[in-house]
Amino acid sequence: TTTDDSAFIAGRMDDDIDHVFINGERTDALPGEFAIQVMLTEGDNAFTVAVRDAAGNSAQTSILIIRDTRSPKFSVDDIEAKDGTITKSGDDHFATTDTIVFHMRVDELAVFTIGTSTQEGEGQFNIEHGITEGTNTITIEVADPMGNLAEPYVYTVIYDNTDPTVTITYPSDGFDTELSEMVISGVTDDTESKVWINDIPVGIRADGTFEMTVALEDGDNVYSVRNRDRAGNEGTTSVTIERREKQDVSESNVGVMAIALVIGLVIGVAIMYVMGRRGASDVKWEDEPKSPPPPPPEEPPKDNDGWNEY
């Protein structure tokens, strides 16, 4: 077998023979030996070499020369992560384990090379290859025993087994309120991931933040936040919000409170007045002037004293 387009057929014969026949065509040769160049086509090339001496005696032999310049034909039927999964997001492939399995098919015996590792295969077989955290570009080179190379197969996979980190920034866990709705805010460290709050998808801003307005019922309200990256890894957290029953103040209660307040003020003023009067009556004034005694009554006039009879 050769990859060349020609070959030499060489041999020995009797010394009195100076020519040979290659596939019936006479070719001159040196007495006793020959080395004749023949042209080859792709695949099998069969040649019959015959000689004849002067007496007419003949002998012949056959030789098969294979020309092989065709590269092996192979295909990758499937790719999987050993004991894990491979997911596709856009043009990227993500693996959750550190070993990739290639399911191969080839039409002839061939040597498969990945980096410094080689493996022979024919027909259907598998190739396992280890990967590291991050982006892995895997190139598979395939050659037959003659060294004919096929077009390399290149596969890029990202090994990611780290869960994204999601945090609720508001409200705090156990927060209580009388409101009927509230905004839940949070942030994730993976801006290309997806977020759900109680299985409702939430948009993520360029800086990783997100928020959603939720309705609150009386009592405890538990909201679960789920964050999944493109590799399928998930991070979760939750927050509990307690809604208290709102205390309503009725108009009648306001009126009663107002009346009680007025009565209290009136009673207070009255008490202060009485105490003020009592204090004033207990004070003695030494410099206060005394009233003069009343004049004595006049005596009635006596008889014939100052009176004239008529």
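Since the model is a prediction, treat every value here as computed from it, not as a measurement.
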Checklist entry - Is any side-chain heavy atom of R243 closer than 4.5 Å to a side-chain heavy atom of I241? => result no
Next on the checklist: Check whether T97 reaches the backbone of K82 with its side chain - one donor and one acceptor, N or O, closer than 3.5 Å.
Outcome noted: yes
Checklist outcome for this item: All heavy atoms of Y170 vs all of V183, minimum pair found to be CD2-O, 3.6 Å
Item to check | Worked verdict on D44 versus L64 for side-chain contact (heavy atoms from CB on, under 4.5 Å) | outcome: CA-CA 7 Å; D44 294 346; L64 177 65; 3.8 Å; yes
Item to check | For F21, all residues meeting ring pair (Phe, Tyr, Trp, His ring centres under 6.0 Å), sequence neighbours excluded | outcome: H19
Checklist entry - Is there a donor-acceptor contact under 3.5 Å linking the side chains of D220 and T240? => result no
Checklist entry - Does the side chain to side chain donor-acceptor pair (under 3.5 Å) test come out yes or no for D68 and T1, once each step is laid out? => result CA-CA 7 Å; D68 182 7; T1 304; over 6 Å; no
Checklist entry - Taking side chain as C-beta onward, heavy atoms only, is Y155 less than 4.5 Å from I79? => result yes
Next on the checklist: For the residue pair T99 / E128, report whether a side-chain donor-acceptor contact shorter than 3.5 Å exists.
Outcome noted: no
Item to check | Heavy-atom closest pair, residues A7 and L40 | outcome: CB-CD1, 3.8 Å
Next on the checklist: Just to verify, what does R52 make a salt bridge (charged side-chain N to carboxylate O under 4.0 Å, His left out) with, not counting sequence neighbours?
Outcome noted: none
Next on the checklist: R105 vs D77, test: salt bridge (charged side-chain N to carboxylate O under 4.0 Å, His left out). Steps then yes/no.
Outcome noted: CA-CA 7 Å; R105 184 192 302 268; D77 295 340; 3.2 Å; yes
Next on the checklist: Contact between V106 and F125 at the side-chain level, heavy atoms closer than 4.5 Å - yes or no?
Outcome noted: yes
Checklist entry - With a 4.0 Å cut-off, would you call E42 and R70 a salt bridge? => result no
Checklist entry - Does some side-chain heavy atom of E25 sit less than 4.5 Å from a side-chain heavy atom of I36? => result no
Item to check | Verdict with reasoning, R230 to T87, per side-chain contact (heavy atoms from CB on, under 4.5 Å) | outcome: CA-CA 8 Å; R230 295 191 297 164; T87 57; over 6 Å; no
Checklist entry - Is there side-chain contact between H103 and Q124, with at least one heavy-atom pair below 4.5 Å? => result no
Checklist entry - Cluster partners of V154, using ILVMFWY side-chain heavy atoms under 4.5 angstrom, listed by chain and number? => result none
Item to check | Step-by-step side-chain contact (heavy atoms from CB on, under 4.5 Å) determination, E108 to N148 | outcome: CA-CA 12 Å; E108 61 174 308; N148 298 306; over 6 Å; no
Checklist entry - So do N161 and E133 actually touch side chain to side chain, heavy atoms under 4.5 Å? => result yes
Item to check | Joint hydrophobic cluster, V38 plus I63, side-chain heavy atoms closer than 4.5 Å | outcome: yes
Item to check | Any N136 side-chain heavy atom under 4.5 Å of H129 side chain | outcome: no
Item to check | Side chain proximity check, I197 to F210, heavy atoms < 4.5 angstrom | outcome: yes
Next on the checklist: Test of understanding: clusters of I, L, V, M, F, W, Y form through side-chain heavy atoms closer than 4.5 Å, transitively. Do I127 and V157 belong to the same one?
Outcome noted: yes
Checklist entry - Between D190 and T188, do the side chains contain an N or O donor and an N or O acceptor separated by less than 3.5 Å? => result no
Checklist entry - Mind checking whether F74 and F112 have parallel, tilted or perpendicular rings, split at 30° and 60°? => result perpendicular
Item to check | D163 vs N233, side-chain contact (heavy atoms from CB on, under 4.5 Å): CA-CA, chis, key distance, verdict | outcome: CA-CA 5 Å; D163 295 337; N233 303 303; 3.4 Å; yes
